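All of these numbers come straight from a predicted model, not from anything done at the bench.
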Amino acid sequence: MLRATDVSQSYRDESVFRELSIGIDAGEVVAVIGPSGVGKTTLLRTLALSLEPDGGAVTFDGADAWTLEEAERLSLRRRVGMVFQEASLFDASVARNVEYGLRIRRSWSERLREGLRSTVRPDGTNEAVRESLDVVGLTDKTNQHVASLSGGEAQRVSFARALAYDPDVLLLDEPTSDLDPRNTAVIEEAIAEARDRGIGVVVATHDMHQAERVADRAAVLLGDSITEIGPTEEIFEHPSNERTRKFISGELVY
C-alpha cells in the first residue's frame, strides 16, 4: 500500500538516512526501532508525504507521490493519519478535537455529502467520533474540555482524532514515551484495533518491548540505514545482521 524505495533525506547537507526502503501493507503493524535522534521522525514525515525525499520514491498504491500534481498528492496525504509524541490539542472539547480530522481531511463537497448522511447520536456527537473515543476508552469525557485531561488522556484523544476519519495508514511517533502503564496499554490496544480494521500502522519507538508486543514486523534503523527488517520475533530472536544483534542485546550504545 505505502512504500518508500531507496529514499534519502538530509538536513543542511548532513545525511539522516540513505537509500532506505520500507513498506506497509493494509492490516499490519510495523515497528521502526532505533535510538533517539537516529531519524525515525524524519522517516515518518517522509512516509506521511509531508517531506519530499532528496532521492528515491514514496509510492501509495503504486502512485509515485512526488511526481503527482499537488492536488493529487494532497488527496493521498489525506489518507494518512499521524500521532505525535506530544498531544497537540485545540482549546475545545474532546469531541470537537476528535471531529476536527473528519472535517479538514475532506473536500468541501465531501464534507457536505458526509454531513447529510452521517449518523449523529442523540447527544449530538458524530458516530465516528463516538466510536473512536470508545476505542481509547474516553466516551465518558466526550463533552469535557481538553484542559481537564491528564497527559495520558490527551494522547488518547490525539489517537482517537487520527482514527476517526478511518485513514488507510496510521503513523505513530513514540506515542507512549511519556505515558504511564495504564495509558500505554490503552494505546497499544487501540493499535491492535486499528490493525483489525485493516489500517496499516507504523510505530516509531525506542521501546523494544513495545515493538515486540504490538508489531507484526520490525525494522531496525541504525546509523543512516535500516540494518534489518522482518517478522518481529525473528528480528528479536534470530537477527541476521551483527549490528542489529548488538543493538537489541544492548552491546551497541549510541
Tabulate below the donor-acceptor pairs under 3.5 Å that side-chain atoms of residues 57-64 make, not counting sequence neighbours, or state none.
unit_1	atom_1	unit_2	atom_2	d
Asp61	OD2	Arg79	NH2	2.7
Asp64	OD1	Trp66	N	3.4

Can you list, pair by pair, the side-chain donor-acceptor contacts under 3.5 Å of residues 214-225, counting residues two or more places apart and other chains?
unit_1	atom_1	unit_2	atom_2	d
Asp216	OD1	Arg195	NH1	3.0
Asp216	OD2	Val29	N	2.8
Asp216	OD2	Arg195	NH1	3.3
Arg217	NE	Glu28	OE1	3.1
Arg217	NH2	Gly23	O	2.7
Arg217	NH2	Glu28	OE2	2.8
Asp224	OD2	Arg18	NE	2.7
Asp224	OD2	Arg18	NH2	3.1

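The structure places CG of Leu51 at 4.5 Å from OG1 of Thr46, a figure rounded to the nearest 0.5 Å. Taking CD of Glu193 as the reference point, atom CG of Asp134 lies at 9.0 Å (rounded to 0.5 Å). One distance of note links CG of Leu49 with CG of Leu68; it measures 9.0 Å at 0.5 Å rounding. Here Glu188 contributes atom CD and Leu172 contributes atom CG; the two are 11.0 Å apart, rounded to the nearest 0.5 Å. The structure places CD1 of Ile24 at 12.0 Å from CG of Asp168, a figure rounded to the nearest 0.5 Å. Here the CG-OG1 distance, from Asp173 to Thr42, works out to 9.5 Å after rounding to the nearest 0.5 Å.
Using modelled atom types, no side-chain atom of Thr176 and backbone atom of Leu179 make a donor-acceptor pair closer than 3.5 Å. No donor-acceptor distance shorter than 3.5 angstrom exists from the side chain of Lys141 to the backbone of Leu149, with no hydrogens or angles considered. Glu234 contributes no side-chain N or O that, together with a main-chain N or O of Pro231, makes up a donor-acceptor pair within less than 3.5 Å. In this structure, Glu19 contributes its side chain and Thr5 its backbone to no donor-acceptor pair below 3.5 Å. Listed for the Ser50 side chain is a donor-acceptor partner under 3.5 Å among the backbone atoms of Arg45. Under a 3.5 Å cut-off, the side chain of Arg243 and the backbone N or O of Thr227 do not form any donor-acceptor pair. Looking only at distances, no side-chain donor or acceptor of Gln9 sits under 3.5 Å from a matching main-chain atom of Ser15. Side chain of Glu72 to main chain of Glu69: a donor-acceptor pair is present (N/O by atom type, distance under 3.5 Å, no hydrogens or angles).
Shown here are the ring-ring contact (aromatic ring centres under 6.0 Å, His included) partners of Phe90, two or more places apart in sequence or in another chain: Tyr100. Applying the salt bridge (Lys or Arg N to Asp or Glu O under 4.0 Å) test to Glu189 and every residue at least two apart in sequence or in another chain returns nothing. Scanning for side-chain hydrogen bond (donor to acceptor under 3.5 Å, both in side chains) contacts around Arg245 gives Glu242, Glu251, with sequence neighbours left out. Residues that satisfy the side-chain hydrogen bond (donor to acceptor under 3.5 Å, both in side chains) test with Ser21, not counting sequence neighbours, are Asp6. Asp166 pairs by the side-chain hydrogen bond (donor to acceptor under 3.5 Å, both in side chains) definition with nothing, not counting sequence neighbours. Remark: Asp207 engages no residue in a salt bridge (Lys or Arg N to Asp or Glu O under 4.0 Å) (not counting sequence neighbours). Qualifying salt bridge (Lys or Arg N to Asp or Glu O under 4.0 Å) partners for Glu237, counting only residues two or more places apart in sequence or in other chains: none. Every side-chain hydrogen bond (donor to acceptor under 3.5 Å, both in side chains) that Ser148 has, sequence neighbours left out, goes to Gln144. With sequence neighbours excluded, no residue forms a salt bridge (Lys or Arg N to Asp or Glu O under 4.0 Å) with Glu228.
Between Glu174 and Glu86 the shortest side-chain heavy-atom distance does not fall below 4.5 Å. Looking at Arg78 and Leu74, their side chains come closer than 4.5 Å, going by heavy atoms from C-beta outward. With contacts defined as side-chain heavy-atom distances shorter than 4.5 Å, the pair Phe159/Val186 does not qualify. Using a 4.5 Å heavy-atom cutoff, the side chains of Val94 and Asn143 are not in contact. Contact of the Leu47 side chain with the Val80 side chain is not registered, since no non-hydrogen atoms from C-beta on lie closer than 4.5 Å. Looking only at side-chain heavy atoms (C-beta outward), Leu44 and Thr41 stay at 4.5 Å or farther from each other. Side-chain contact check for Asp91 versus Val146: every heavy-atom pair is 4.5 Å or farther apart. Ile235 has its side chain out of reach of Thr232: every pair of non-hydrogen atoms, C-beta onward, lies at least 4.5 Å apart.
Sorted pairs that involve residues 194-239 and meet ring-ring contact (aromatic ring centres under 6.0 Å, His included), not counting sequence neighbours, are lacking altogether.
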Report task. Take Val38 and Phe17 through the test side-chain contact (heavy atoms from CB on, under 4.5 Å) and record every step on the way to the result. Result -> CA-CA 8 Å; Val38 77; Phe17 49 75; over 6 Å; no

Report task. Step by step, work out the salt bridge (charged side-chain N to carboxylate O under 4.0 Å, His left out) result for Arg73 and Glu70. Result -> CA-CA 5 Å; Arg73 187 163 54 253; Glu70 175 60 28; 2.7 Å; yes

Query raised in the report: How far apart are the C-alpha atoms of Leu43 and Leu20, what are their side-chain angles, what is the distance that settles it, and do they pass the side-chain contact (heavy atoms from CB on, under 4.5 Å) test?
Result: CA-CA 9 Å; Leu43 176 57; Leu20 179 155; 3.7 Å; yes

**Report entry** Check against side-chain contact (heavy atoms from CB on, under 4.5 Å), Ile22 and Ile229
**Finding:** CA-CA 8 Å; Ile22 188 172; Ile229 184 169; 3.8 Å; yes

Requested in this report: Check the pair Ile33, Lys40 against side-chain contact (heavy atoms from CB on, under 4.5 Å), reporting the backbone distance first and the verdict last.
Outcome: CA-CA 8 Å; Ile33 60 175; Lys40 298 188 296 294; 5.9 Å; no

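Pairing each heavy atom of Ser132 with each of Ala160, the nearest pair is CB-O, 3.5 Å. Considering every non-hydrogen atom in both Val16 and Gly39, the closest pair reads CG1-CA, 3.8 Å. In terms of heavy-atom proximity, Ala92 sits nearest to Asn97 at O-ND2, 3.6 Å. The shortest non-hydrogen separation linking Ala162 to Leu170 is CB-CD1, 3.6 Å. Leu102 approaches Ala164 most closely through the heavy-atom pair CD2-O, 3.4 Å. Residues Ser158 and Ala87 share a closest heavy-atom pair of OG-CB, 3.3 Å.
Judged purely by distance below 3.5 Å, without hydrogens or angles, the side chains of Ser8 and Asp54 never pair a donor atom with an acceptor atom.
Ion pairing between a basic and an acidic side chain is recognised when a charged N comes within 4.0 Å of a carboxylate O; Glu99 and Arg96 show such pairing.
Within 6.0 Å of CD on Glu52 lie more than 12 heavy atoms contributed by other residues, nucleotides or ligands.
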